[in-house]
Amino acid sequence: MIFKSITSTQESEIVILPFLKNQVNFELISENTGVKGKPDFEGSFKQIMSLYHVSSDRKVYLVGLGEDKDQGKAHDAFRWLAFKRKSAWKTNIQIDCRHLDNNYITAAALGIALADYRIGVYKTDDKELDLLHTEAFEVSILTKTDQSELINLGFETAQAMMGIMALVDAPGNIKTPTFLAEWAQSSAEIHGYSCDVLEYEELVEEGLEALMAVGQGSTHPPVLIKLEYKPEGQNSKTPKLGLVGKGITFDTGGLSIKPSQNMHYMKSDMGGAAAVFGAIELAARLQLPIHLVGIVASAENAVDANSVKPGDVIGSYSGKSIEVIDTDAEGRLVLADALSYMVRNYKPEYMIDLATLTGSSVMTLGYSAGAMFTHDDTMSAAVSRVGEDTLERVWRLPLYDEFKDDLHSDVADLRNYSGKPLAGAITAAKFLEAFIEDHEHWMHLDIAGVAFGDSAYSKMKSASGYGVRLLHQVMMTLIEK
Ligand code: BES
Ligand code: ZN
Ligand code: ZN
């Protein structure tokens, strides 16, 4: 699909008229259909109505964008419309955005582009392939003045999101740690940033012992993926942000094995890594003036004779020893190494880690928000606001020192699980805190409930692309500071 910014109407068989709730312009509808009168359409979120021109072949779709508060998900109304109706679309569509604010122009491009996402890529008779997928299909967005940049932002965001959605939805046998590394390497080459991968021998040399311990039961060796994007014309004022991601390609729980019922969904346990990949790729696509470093610790948490056992004591990159009480609390182990690796080697001004870390965060916030932890109130306020704007929400939970006792081990420096079914997201965050070397601007986002879940676009749970839009806005906040 190809996007065009146009400033005067052009002949098109398909015309899309998006409206905010109770702001429907019936004259504009009549102009497009040649019919007078007011259709029963108020513009509520995701409402769709198909109309026909009285004498030509033109089809007119009304799509509801809901209220102001729905702005962060306006793209989903466009995606939904395209998803539902695209089989009837042939060569081009025209979206009239002349009466809408800038954010909706980006949302139109983002949503239509996202309709190209195909989850059934492993089907042998792929019926989902359609015309939208071809370069010949044109999407013209009609605005008062040229808005190529806003449209491009939507398009590039969609590409970055779809790339990582495909990764999160990919099955565990295909997406091994090495596959993630190769994916990142190829994205880096295409979009002009650097990617360096520490493989097994280098992990041994560098002492990333916690990451290696998690991966030791798998036939697919663990890796540490290092990404760096440096903008052109970088200077002392360019902000530097470090992004750390949990990249467990499949989480069986290890010897503390998970129940089998929903275990297949644990292919999504690299949602944090995916968000880091997507955000860095998007920054490179848009050539944002920000210096980014990404560290993804990737391993498969498998069941095997070689697997780490409950009660084992392991080392870590930081030098601290860890008693592994529960092998299913593996995310914090790989993140421990990734966080101290980031701080020691890159010293970023700001550091955010993202991880599908605990079932407890899902019990607490459901699928409505990621759990946020930080000591930095300014960062907390900024990211909360951006979360509300994008509707990729975060909600802050505390890092009280009382929870440190839960990490006490008699035999090692600390243990990875308290053994109590209480405040699990907080104790996990507290564990990570022990590895950030007192970094003042660190934030941990537990995205277990939001990275992967129920979707209008699939019958089973699937990837949401969570984090790309949030982190893009976070980067913009740092750039504009
Ligand atoms: N990957 C899981 C967390 C998770 C749960 C992600 C549900 C997505 C949906 C993580 O590794 C895990 O198993 N955490 C345990 C920790 C516990 C053993 C201390 C949990 O939250 O139950
Ligand atoms: Zn686990
Ligand atoms: Zn996990």
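In each ligand, atom 1 is the first atom listed, and ligand 1 is the first ligand listed.
Side-chain contact between Lys226 and Val197 is absent, with no heavy-atom pair separated by less than 4.5 Å. With contacts defined as side-chain heavy-atom distances shorter than 4.5 Å, the pair Ile436/Met351 qualifies. In this structure the side chain of Met270 never reaches within 4.5 angstrom of the side chain of Lys246, judged on heavy atoms.
Nearest protein neighbour of atom 14 (N) of ligand 1, counting heavy atoms only, is Leu357 O, 3.5 Å. Scanning the protein for heavy atoms near atom 15 (C) of ligand 1, the closest one is Asp328 O, 4.1 Å. For atom 7 (C) of ligand 1, the closest non-hydrogen atom on the protein side is Met266 CE, 3.7 Å. Nearest non-hydrogen protein atom to atom 2 (C) of ligand 1 is Asp251 OD2, 3.5 Å. Nearest protein heavy-atom contact of atom 21 (O) of ligand 1 is Gly359 N, 2.6 Å.
Among Tyr400, Phe431, Phe403, the single residue meeting the side-chain contact (heavy atoms from CB on, under 4.5 Å) criterion with Ile426 is Phe403. Each of Asp251, Thr249, Thr327 was checked for a side chain to side chain donor-acceptor pair (under 3.5 Å) with Asn301, and the lone residue meeting it is Asp251.
Proximity annotation for atom 16 (C) of ligand 1: of Met270, Arg332, Met363, Lys246, Arg332 comes nearest, heavy atoms only.
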For side chain to side chain donor-acceptor pair (under 3.5 Å), just list the numbers for Ser361 and Asp446, CA-CA rounded to whole Å, side-chain angles, deciding distance to a tenth of an Å, and then say yes or no.
CA-CA 7 Å; Ser361 74; Asp446 189 337; 3.2 Å; yes

For Tyr350 and Trp442: C-alpha separation, side-chain torsions, deciding distance, then whether ring-ring contact (aromatic ring centres under 6.0 Å, His included) applies.
CA-CA 6 Å; Tyr350 300 93; Trp442 160 69; over 10 Å; no

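Less than 4.0 angstrom separates some heavy atom of Tyr417 from each of these atoms of ligand 1: 19 (C). For ligand 1, the atoms sitting less than 4.0 Å from at least one non-hydrogen atom of Thr358 are 3 (C), 21 (O), numbered in the order shown with element in parentheses. Close approach of ligand 1 to Lys258 (heavy-atom distance below 4.0 Å) involves ligand atoms 2 (C), 12 (C), 13 (O). Contact atoms of ligand 1 toward Asp326: 18 (C) (distance under 4.0 Å to a heavy atom of the residue). Counting atoms of ligand 1 from 1 in the listed order, those under 4.0 Å from a heavy atom of Glu330 are 11 (O).
Counting only protein atoms, the N, O or S atoms lying less than 2.8 Å from the Zn ion (ligand 3) are Lys246 NZ, Asp251 OD2, Asp269 OD2, Glu330 OE2, ordered by chain and residue number.
Across all non-hydrogen atoms, the minimal contact from Gln234 to His291 is NE2-ND1, 3.0 Å.
Classification of Lys240 and Glu349 as a salt-bridged pair fails, no side-chain N sitting under 4.0 Å from a carboxylate O. Taking 4.0 Å as the cut-off between side-chain N and carboxylate O, Asp70 and Lys46 do not count as a salt-bridged pair.
Under the side-chain contact (heavy atoms from CB on, under 4.5 Å) criterion, Ala184 pairs with Cys195, Ile225, Leu227, Phe277, not counting sequence neighbours.
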